[in-house]
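One structure below.
So you know, we letter chains A, B, ... as the sequences are listed, proteins then strands, and number each from 1. Computed from a predicted structure; not experimentally measured.
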Protein chains: 2
Amino acid sequence: MKMDGRKQQVLMAIIQDFIATAEPVGSRTIARKYKLGVSPATIRNEMADLEEMGLIEQPHTSAGRIPSDLGYRYYVDNLMQRGELTKDEEDIIKNGYESKLKDVGHVIQGTGDMLSQLTNYAAVVMTAQRGRTAFKHIQLIQMSEGQAMVVVVTETGAVHHRIIDIPESITAGDLETISGVLNRKLQGRAMEDIRLTLMKEIYFELAKQKQILNKAMDLINEGLTLEAEDKIYLGGVFNILNQPEFHNVEKVKTLLSLLEQEKLLHKLMSEVFDAGGITVRIGGELSNEKMQECSLVIGTYGLGDEPMGSIGVLGPTRMDYTRVVTVVEHMTRNLSLVMHRLITGRNR
Amino acid sequence: MKMDGRKQQVLMAIIQDFIATAEPVGSRTIARKYKLGVSPATIRNEMADLEEMGLIEQPHTSAGRIPSDLGYRYYVDNLMQRGELTKDEEDIIKNGYESKLKDVGHVIQGTGDMLSQLTNYAAVVMTAQRGRTAFKHIQLIQMSEGQAMVVVVTETGAVHHRIIDIPESITAGDLETISGVLNRKLQGRAMEDIRLTLMKEIYFELAKQKQILNKAMDLINEGLTLEAEDKIYLGGVFNILNQPEFHNVEKVKTLLSLLEQEKLLHKLMSEVFDAGGITVRIGGELSNEKMQECSLVIGTYGLGDEPMGSIGVLGPTRMDYTRVVTVVEHMTRNLSLVMHRLITGRNR
DNA sequence: TGTTAGCACTCACACTACTTGAGTGCTAAA
DNA sequence: TTTAGCACTCAAGTAGTGTGAGTGCTAACA
């Protein structure tokens, strides 16, 4: 069976109508609403063909057709054309970032909020800086006998902190010294460099405080890799309650429990991490079987061709792909710009 | 109409059964399950009386009775007796805190998680330190021309940070100087004192950097009052999906949208802030009309008789008050202890 | 005087049968 | 190849019916 122009038109009509109404689409509806210039009977014949090709299916005999995962796939790959954002929406993004330019935490959170607001689905934002962020400042602060707080600030404005145990013999003065040396030596370096080249040098200078130094280095590593790299921000999760496919509380519960698992999200988002551009995962294409009724649109942002993280929109398979892909594309572009500004010049 | 022992027994049976089953309770059920030694007919007479007193009501003619808000109120005030936690549960709390003792952020979050885990309802934790927390450390870090990050650490281990604009004439060295002076002068003081007594002194010493100093002071204030004071942590919100009264997605949506409003929660929690002990707000007693189907159990924690914040459990009016009150009571006691350790000695 | 058995009554809920209408597939004619 | 016509299917809504849990009332009983 080969795909001709009219079949495409019919498939497109079915998908668009189903996305809009969430109801199975009948031949009559298509003939009436989408003016293909043929009768319902002809459309029925085409639909029979499309069904045979696996692009659409029937919930039950006397219902209309709904798109299958494969149908959505064909639509996304071949039929869908990118849309444009309205002036207003462009402004929302611009203003949204303008006010949050100060540190990476706000930028990430703002991105998630805007994504969900613009699409009305749930948003997932993942940062994965992979050690490329530059170190800015470290401070060791004595909290009590045997305890100190380590605060690490990165070039992007992320602040990581943790309380660590230290030998009781170490004084506030020692901590100040260590902070000073670390700051001097690590100034402006990227994490990768810190690990590989500087350790020995600093060890030498601070031989006395080896133990505490170890812990500080651990935190820098953690701070700039683990915490920053795998951080996942969720936004607008409750938007899914507005989708008719989630009017059943049980489904909501299973989906929410899935979203609580950072690992799972991380896996889903990472599967396409190196792909670049926009990726669409539809229903069964998502590796998790409990997510068969969802689709995920993922975009990667970064500096040049070096990826820094990805952003995604999660909704029902019946999501408005045109709009979501458009929004995700815009947001990745904007986010890349903002991150560039944040990491390099901060030129404002 | 006066309340006698048997009426109390009947009311108690109705409430306990309804809490357990969420189904209206009939006279027959009570006679069978709760061995009052009288026939259903007698119980019916008692129930008629209780209904007249406004303590129970009938959803429709041929259904059993359910407790009214007033009925729950009577139960909570007069009939309910505090329960005990099992050894296991006590251990959960102990261990939970043991691993989070390091900074106030983890303690607060851990409290919320434990509260919701132990009760299976939603948990609200509010900190309101009111400037009593002591200042620990401040650091000004130059991020770029005209921008600096202010990091403030409190005695409790809370870290607040913000990027501020500074005059371009100020150098990294200036910032270091300012940090030094501030640290020396503010060491160990409580926020209240800082505001009132030290400002002039420091102003004098740092007359040159007045402008940046102003901003730094603002952040200290914010950091130690606003951000810390009004911070609200929510835990286990999705537990409400397990309650049969929230099997309706619309209700879930309205409740969730209410919980997103920090102001509203703050108001609810603050209404009883100075009361001390445990407060129970049932249905219509909550000032918000969209929360008529919910109850809120609030406890206040703090040092001695000085309140530091409150913790609450939010569930349907049909919540298990005995259990929730018991848990909240335990948690406030434990939390107060932990905060004491955190603020004073850190003796471990 | 309080308690209880008996009974008529109410009403949500489950079940059934029936109708409706949207939609299909097939066939034959244009 | 397209389309009109028609028989067929099936979910969903509607109406009618029983069932049972529960009540209130009354009269008898301890």
Q.
As a test of reading the structure: which of D:dA4, C:dG23, C:dA5 is closest to the side chain of A:S39, going by heavy atoms?
A. D:dA4
(Q) In this structure, how many angstroms lie between the P atom of D:dT23 and the CD atom of B:E57, rounded? (A) 14 Å
Q: Would you tell me whether B:E271 and B:S287 have side-chain atoms, one donor and one acceptor, within less than 3.5 Å of each other?
A: yes
Q | Spacing of B:E51 atom CD relative to D:dG22 atom P, expressed in whole Å | A | 15 Å
Q. Does one side chain, of B:T29 or B:Y34, offer a donor that lies under 3.5 Å from an acceptor on the other?
A. no
Q. Nearest to the side chain of A:T42, which nucleotide is it out of D:dT3, C:dT24, C:dG23?
A. D:dT3
(Q) C:dT24, OP1 or OP2 - any side-chain N/O from A:S27 closer than 4.0 Å? (A) yes
Q: Tell me which nucleotide among D:dG24, C:dA5, C:dT3 gets nearest to the side chain of B:Q58.
A: D:dG24
Q.
Nearest whole Å is fine: how far is C:dG2 P from B:R6 CZ?
A. 10 Å
Q: Report which part of the nucleic acid B:A41 touches: base, sugar-phosphate, or nothing (heavy-atom distance under 4.0 Å, all strands).
A: base
Q. In terms of side-chain heavy atoms of B:H60, which of C:dC11, D:dT23, C:dT4 is nearest?
A. C:dC11
Q.
Tell me the interatomic distance from B:N45, atom CG, to D:dA27, atom P, rounded to whole angstroms.
A. 15 Å
Q) Got a donor-acceptor pair under 3.5 Å from the side chain of B:R44 to the base of D:dG24? A) yes
Q. For the pair made of NZ in A:K33 and C1' in C:dA22, what is the distance, rounded to whole Å?
A. 15 Å
Q: May I ask you to say whether B:K253 pairs ionically with B:E250, meaning some side-chain N is under 4.0 Å from a carboxylate O?
A: yes
Q.
I want to verify a distance call: between C:dG21, C:dC7, D:dA21, whose nearest atom is closest to the A:S62 side chain?
A. C:dG21
Q: Specify the separation, in whole Å, of atom CD1 of B:I56 and atom P of D:dG24.
A: 9 Å
Q. Please give, in whole Å, the distance from D:dA4 P to A:I43 CD1?
A. 12 Å
Q: Compare side-chain N and O positions of A:T61 against OP1 and OP2 of D:dC10 and report whether any pair is under 4.0 Å apart.
A: yes
Q.
Checking side-chain polar atoms at under 3.5 Å, does A:Y233 have a donor or acceptor matched by the opposite partner on A:D113?
A. yes
Q) Can you check whether B:R28 has a side-chain N or O nearer than 4.0 Å to OP1 or OP2 of D:dT23? A) no
(Q) For A:Y72 and A:Y321, take the angle between the two ring planes, folded into 0 to 90°, and tell me which bin it lands in: parallel under 30, tilted 30 to 60, perpendicular over 60. (A) tilted
Q. B:E23 CD to D:dG20 C1': how many Å, rounded?
A. 14 Å
